[in-house]
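This report concerns only the one structure given below.
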Amino acid sequence: MWIKILVIMGFMWVLQGVLTYFQIKNFQRKLKEMKKHGRVGVGTVKGRLGAGAIVILAADRRGRIVDAQRMSGISVFARFRPLKGIKDLYYWEISHTAGDYDRVTQNSLLIAADSLKKQYEGDGVKHS
């Protein structure tokens, strides 16, 4: 009886590792795809008991968001989906629209926008 339970737990642990590997590969593939658009900002927020979120923003050389993707969920089956309402905004405008999303997505969005801000300021580009 205990042996069967241990074998099942071991199998589930290995399965989780394999599925996590595929989720990481999905993240890496999406990040590489987004880098083709220009600069990329990534924001991650872990959920304490609920879902966490990862937001990837791609901006052109002027700071306009050309693509926005979000992965949200509590399982290894979560995948990136387009984040509506962000495309064509400038990264410094995101703080004005972030309130339209749930708290975890909002925080991830603000972190990703701040990441972009640091990249542009590192090159001497200042925006509001």
Side-chain angles (χ1 to χ4, degrees):
M1 172 73 173
W2 286 107
I3 302 251
K4 287 181 182 178
I5 292 173
L6 289 174
V7 168
I8 291 171
M9 286 176 58
F11 174 75
M12 298 299 283
W13 184 64
V14 169
L15 181 63
Q16 179 184 1
V18 169
L19 293 174
T20 300
Y21 169 80
F22 286 114
Q23 190 174 45
I24 290 169
K25 293 307 267 180
N26 177 272
F27 172 76
Q28 291 173 336
R29 193 175 327 108
K30 185 58 72 173
L31 192 60
K32 185 176 181 180
E33 175 187 315
M34 301 275 286
K35 284 183 178 182
K36 292 177 183 176
H37 296 295
R39 296 177 191 228
V40 173
V42 178
T44 61
V45 172
K46 292 183 181 182
R48 288 194 176 102
L49 294 176
I54 300 174
V55 171
I56 304 176
L57 301 175
D60 64 13
R61 57 185 169 80
R62 295 178 297 144
R64 186 177 59 87
I65 305 298
V66 294
D67 197 0
Q69 300 281 324
R70 174 185 71 156
M71 179 193 300
S72 180
I74 57 173
S75 77
V76 292
F77 297 110
R79 294 291 179 253
F80 281 99
R81 304 206 188 299
L83 189 57
K84 298 182 187 327
I86 300 297
K87 192 173 178 183
D88 293 326
L89 292 176
Y90 288 89
Y91 71 85
W92 59 87
E93 297 175 322
I94 288 179
S95 62
H96 304 298
T97 61
D100 297 343
Y101 302 95
D102 61 88
R103 183 186 55 78
V104 175
T105 301
Q106 180 180 8
N107 290 340
S108 296
L109 233 138
L110 294 173
I111 292 168
D114 189 54
S115 173
L116 283 172
K117 178 182 177 183
K118 289 176 184 174
Q119 291 178 50
Y120 283 97
E121 286 179 351
D123 288 346
V125 179
K126 297 276 185 186
H127 296 287
S128 299

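Distance check: F80 CZ to D67 CG gives 11.0 Å after rounding to the nearest 0.5 Å. Once rounded to the nearest 0.5 Å, the distance linking OG1 of T44 with CE of M71 reads 11.5 Å. Here the OH-NZ distance, from Y91 to K117, works out to 7.5 Å after rounding to the nearest 0.5 Å. Between the NE2 atom of H37 and the CG atom of L57 there is a distance of 11.5 Å, given to the nearest 0.5 Å.
For D114, the salt bridge (Lys or Arg N to Asp or Glu O under 4.0 Å) partners two or more places apart in sequence, or in a different chain, are K118.
Note on I54 and L31: same hydrophobic cluster, where clusters join Ile, Leu, Val, Met, Phe, Trp and Tyr whose side-chain heavy atoms are under 4.5 Å apart, directly or indirectly. Taking hydrophobic clusters as Ile, Leu, Val, Met, Phe, Trp and Tyr residues chained together by side-chain heavy-atom distances below 4.5 Å, I111 shares a cluster with V104. Under the 4.5 Å side-chain heavy-atom criterion for ILVMFWY residues, a single connected hydrophobic cluster contains both V55 and I86. Note on Y101: it clusters hydrophobically with W92, by side-chain heavy-atom contacts below 4.5 Å among ILVMFWY residues.
Nearest heavy atom pair, residue K30 against residue I56, reads CG-CD1, 4.1 Å. Across S115 and G41, no two heavy atoms sit closer than the pair OG-CA, 3.7 Å. When all heavy atoms of Y120 and A59 are compared, the closest pair comes out as OH-CB, 3.5 Å. Minimum interatomic distance between A112 and G43 (heavy atoms only, all atoms of both residues): CB-N, 3.6 Å. Here the closest heavy-atom approach between residue M34 and residue Q69 is recorded as SD-CG, 3.7 Å.
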Under 3.5 Å, sequence neighbours excluded: what are the donor-acceptor pairs made by side chains of residues 2-28?
residue, atom, partner, partner atom, Å
T20, OG1, Q16, O, 2.7
Q23, NE2, A78, O, 3.3

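Here side chain to side chain donor-acceptor pair (under 3.5 Å) pairs that include residues 103-112, with residues two or more places apart or in two chains, are R70-T105, D102-T105.
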**Prompt:** Going through the distances and angles, do I94 and I65 end up as a side-chain contact (heavy atoms from CB on, under 4.5 Å)?
**Reply:** CA-CA 9 Å; I94 288 179; I65 305 298; 4.1 Å; yes
